[in-house]
Q: 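Below is one structure. I have some questions about it.
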Amino acid sequence: MAKTHTLYQHGTLALLVPGLLDGTITMRELLEHGDTGIGTGEGLDGELVILDGVPYQVDSNGDVNVVKDDFTLPFANSHFAEYRRLTDIEKLSQSELDKKILSMTSNNTFFSLKVHGTFTNIKTRAVKKSHKPYATLGKTAENQSIFLKESVEGTLLSYYSPQIFDGAAVGGFHHHFLSDDHNFGGHVLGFGGATGRVEIQQFDTLEQHLPINNKDYMNYDFSDWDILGEIHNAEN
């Protein structure tokens with residue numbers, strides 16, 4: 001039986017900060033822990049959205065590709081979908097949506113949101129793949145492409161992490177998007193209005209998996225970094 005109350009996370013956002021961008025899990029392995037998820041490829045190779053067991057990558061050209069089983073990732077979340085309807089929304093901005101959701105649920109546990117509908121003035125990004133020796137997260141994220149759509153139908157797939165887990169994940173909301181026609185998507189930087197159906201899935205267990213076979217990670221000293229400051233700069 002699928003563990004629908006468990007959120008699986010490979011890697012941490014913190015390890016991306018100094019540039020530990022090796023792919024340390026394959027897509028095949030990640031999909032053993034869920035049919036839904038988000039992540040990024042080795043070297044920050046694009047933005048991933050997994051829906052119904054299909055892993056879509058939005059690359060830095062804005063193309064949407066279905067990636068193969070051997071595609072590797074330094075950081076990803078996945079879970080087995082068992083969403084329940086929460087509410088319907090009309091023309092809510094990203095900040096209004098975030099606020100509304102938190103007023104209807106607890107901010108002390110992990111949950112996933114799935115919003116399907118029409119999004120206006122949505123802005124997304126995807127980063128171009130880099131190669132070793134990797135630059136820092138901040139430097140690598142500078143090489144990003146920004147995409148804009150005035151109006152598009154699609155799915156917002158999001159994870160919420162309690163603030164006390166900031167650094168392991170993004171404290172708060174982490175939104176990715178994929179259009180229904182698979183022509184647009186990425187990490188969401190904002191949107192003007194979302195109209196559609198909101199579904200939620202709450203988790204009581206975080207399964208945190210660390211890349212112990214990666215020497216760079218195991219030998220790295222994180223103590224000199226302002227991890228949270230770097231993450232917040234790169235995510236926004």
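Predicted, not measured: the structure shown is a model, and the values here were computed from it.
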Q: Does a side-chain heavy-atom distance below 4.5 Å link Leu30 with Ile50?
A: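 Yes, side chains in contact.
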Q: Could you tell me if the side chain of Val198 sits less than 4.5 Å from the side chain of Leu113, heavy atoms only?
A: yes
Q: How far apart are the closest heavy atoms of Gln201 and Thr4, and which atoms are they?
A: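 Smallest heavy-atom distance, with atoms named: NE2-O, 2.9 Å.
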Q: Does a salt bridge link Lys132 with Asp22, judged by any charged N lying under 4.0 Å from a carboxylate O?
A: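 The answer is yes: the pair qualifies as a salt bridge.
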Q: May I ask whether Met104 and Leu97 are part of the same hydrophobic cluster, defined by side-chain heavy atoms of I, L, V, M, F, W, Y residues being less than 4.5 angstrom apart, directly or through others?
A: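 Hydrophobic grouping puts Met104 with Leu97.
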Q: Treating Thr109 as the side-chain partner and Phe203 as the backbone partner, does any N or O pair qualify as donor plus acceptor under 3.5 Å?
A: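 At least one qualifying donor-acceptor pair exists.
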Q: For the pair Gln9 (side chain) and Ala168 (backbone), establish whether a donor and an acceptor sit closer than 3.5 Å, ignoring hydrogens and angles.
A: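 Such a contact is found between Gln9 side chain and Ala168 backbone.
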Q: Can you tell me how far the CD1 atom of Ile101 sits from the OG1 atom of Thr87, to the nearest 0.5 Å?
A: 7.0 Å
Q: Of all the heavy-atom pairs spanning Ala126 and Gly46, show the shortest one and how long it is.
A: CB-CA, 4.4 Å
Q: When clusters are formed by joining ILVMFWY residues with side-chain heavy atoms under 4.5 Å apart, either directly or through shared neighbours, do Ile38 and Met27 land in the same one?
A: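 No, separate clusters.
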Q: Applying side chain to side chain donor-acceptor pair (under 3.5 Å) between Glu47 and each of Arg125, Gln57, Gln144, report the one that passes.
A: Arg125
Q: For Phe165 together with Phe110, are the ring centres under 6.0 Å from each other?
A: yes
Q: Could you check if a side-chain atom of Thr36 sits within less than 4.5 angstrom of a side-chain atom of Phe80, using non-hydrogen atoms only?
A: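 Not in contact.
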Q: Do Val127 and His187 make a side-chain contact, defined as non-hydrogen atoms from C-beta onward lying under 4.5 Å apart?
A: no
Q: Test your reading of the model: is there a side-chain donor-acceptor pair from Asp35 to the backbone of Ala81, 3.5 Å cut-off?
A: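 Yes, because the side chain of Asp35 sits within donor-acceptor range (under 3.5 Å) of the backbone of Ala81.
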Q: For Thr124 and Gly185, indicate whether the former's side chain and the latter's backbone hold a donor-acceptor pair under 3.5 Å.
A: yes
Q: Do Leu44 and Tyr217 share a hydrophobic cluster (ILVMFWY, side-chain heavy atoms under 4.5 Å, transitive)?
A: yes
Q: Using a 4.5 Å cut-off on heavy atoms from C-beta on, say whether the side chain of Trp225 contacts that of Pro18.
A: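 Yes - at least one pair of side-chain heavy atoms lies under 4.5 Å apart.
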Q: Less than 4.5 Å apart, side chain to side chain, heavy atoms only: is that true for Tyr160 and Leu102?
A: yes
Q: Which pair of non-hydrogen atoms, one from Phe222 and one from Leu20, has the smallest distance, and what is that distance?
A: CZ-CD1, 3.7 Å
Q: Determine whether Val66 and Leu178 fall in the same hydrophobic cluster, where Ile, Leu, Val, Met, Phe, Trp and Tyr are linked whenever their side-chain heavy atoms lie under 4.5 Å apart.
A: yes
Q: Considering all heavy atoms of both residues, which atom of Asp166 and which atom of Val170 are nearest to each other, and what is their separation?
A: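 That closest heavy-atom pairing would be OD1-C, 3.9 Å.
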Q: What is the distance from atom OG of Ser161 to atom CG of Leu13, rounded to the nearest 0.5 Å?
A: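 The CG atom of Leu13 is 8.5 Å from OG of Ser161, to the nearest 0.5 Å.
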Q: Under 3.5 Å, side chain of Thr155 to main-chain N/O of Leu157, donor-acceptor pair present?
A: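 The answer is no, because no donor-acceptor pair under 3.5 Å joins these two groups.
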Q: Above 12 or not: heavy atoms from other molecules or residues under 6.0 Å from CD of Glu150?
A: no
Q: I need the minimum non-hydrogen distance between Thr72 and Thr26, along with the two atoms involved.
A: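 For Thr72 versus Thr26, the nearest heavy atoms are CG2-CG2, 4.2 Å.
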Q: At what distance, to the nearest 0.5 angstrom, does CG of Asp69 lie from CZ of Phe71?
A: 12.0 Å
Q: Mind checking the CD-CG spacing from Gln163 to Leu228? Nearest 0.5 Å is all I need.
A: 9.5 Å
Q: Give a yes or no answer on whether the side chain of Ser158 reaches the backbone of Phe173 with a donor-acceptor pair at less than 3.5 Å.
A: no
Q: Check whether more than 12 heavy atoms from other residues, nucleotides or ligands sit under 6.0 Å from atom NZ of Lys129, and answer yes or no.
A: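 Above 12, so yes.
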Q: Are more than 12 heavy atoms, taken from residues, nucleotides or ligands other than Glu82, located less than 6.0 Å from that residue's CD atom?
A: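 Result for CD/Glu82: open.
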Q: So if you build clusters from Ile, Leu, Val, Met, Phe, Trp, Tyr with side-chain heavy-atom gaps below 4.5 Å, do Tyr220 and Ile212 land together?
A: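 Linked, Tyr220 and Ile212 end up in one cluster.
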Q: Taking Val54's backbone N and O only, do any of them form a donor-acceptor pair with Asp52's side chain (distance below 3.5 Å, no angle check)?
A: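 It does not hold such a pair.
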Q: For the pair Glu29 (side chain) and Asp70 (backbone), establish whether a donor and an acceptor sit closer than 3.5 Å, ignoring hydrogens and angles.
A: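 No; zero donor-acceptor contacts below 3.5 Å.
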Q: Minimum heavy-atom separation for Thr118 to Glu153, with atom names?
A: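 Here Thr118 and Glu153 meet closest at OG1-CG, 3.5 Å.
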Q: Got a second to check how far Leu21's CG is from Thr136's OG1, nearest 0.5 Å?
A: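 If I round to the nearest 0.5 Å, the distance is 9.0 Å.
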Q: Any side-chain heavy atom of Pro211 within less than 4.5 Å of one from Leu15?
A: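 In contact.
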Q: Checking side chain to side chain donor-acceptor pair (under 3.5 Å) against Tyr159, which of His79, His174, His176 comes through?
A: His79
Q: Quick one, Glu199 with Leu86, criterion side chain to side chain contact (heavy atoms under 4.5 Å, CB included). Give me CA distance, side-chain angles, the key distance, then yes/no.
A: CA-CA 5 Å; Glu199 295 177 290; Leu86 182 67; over 6 Å; no
Q: Between the main-chain N or O of Tyr134 and the side-chain N or O of Ser130, is there a donor-acceptor pair closer than 3.5 Å?
A: no
Q: In sequence, state the C-alpha distance, the side-chain angles, and the governing distance for Gln94 and Asp98, and then conclude on side chain to side chain contact (heavy atoms under 4.5 Å, CB included).
A: CA-CA 6 Å; Gln94 182 177 330; Asp98 292 356; 4.1 Å; yes
Q: Can you establish whether the number of heavy atoms outside Asp181 located under 6.0 Å from its atom CG is more than 12?
A: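 Yes.
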Q: Mind checking the CG-OG1 spacing from Asp45 to Thr140? Nearest 0.5 Å is all I need.
A: 12.0 Å
Q: Can you find a pair of side-chain heavy atoms, one from His116 and one from Asp180, that are under 4.5 Å apart?
A: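 Heavy-atom side-chain distance check passes, below 4.5 Å.
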Q: Can you tell me if Thr205 uses its side chain to pair, donor with acceptor, with the backbone of Thr6 under 3.5 Å?
A: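 Side chain of Thr205 to backbone of Thr6, a donor-acceptor pair under 3.5 Å: no, none is there.
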Q: Can a salt bridge be assigned to the pair Lys99 and Glu96 using a cut-off of 4.0 Å between side-chain N and carboxylate O?
A: no
Q: Ring pair (Phe, Tyr, Trp, His ring centres under 6.0 Å) with Phe191: which of Phe147, Phe119, Phe177?
A: Phe119
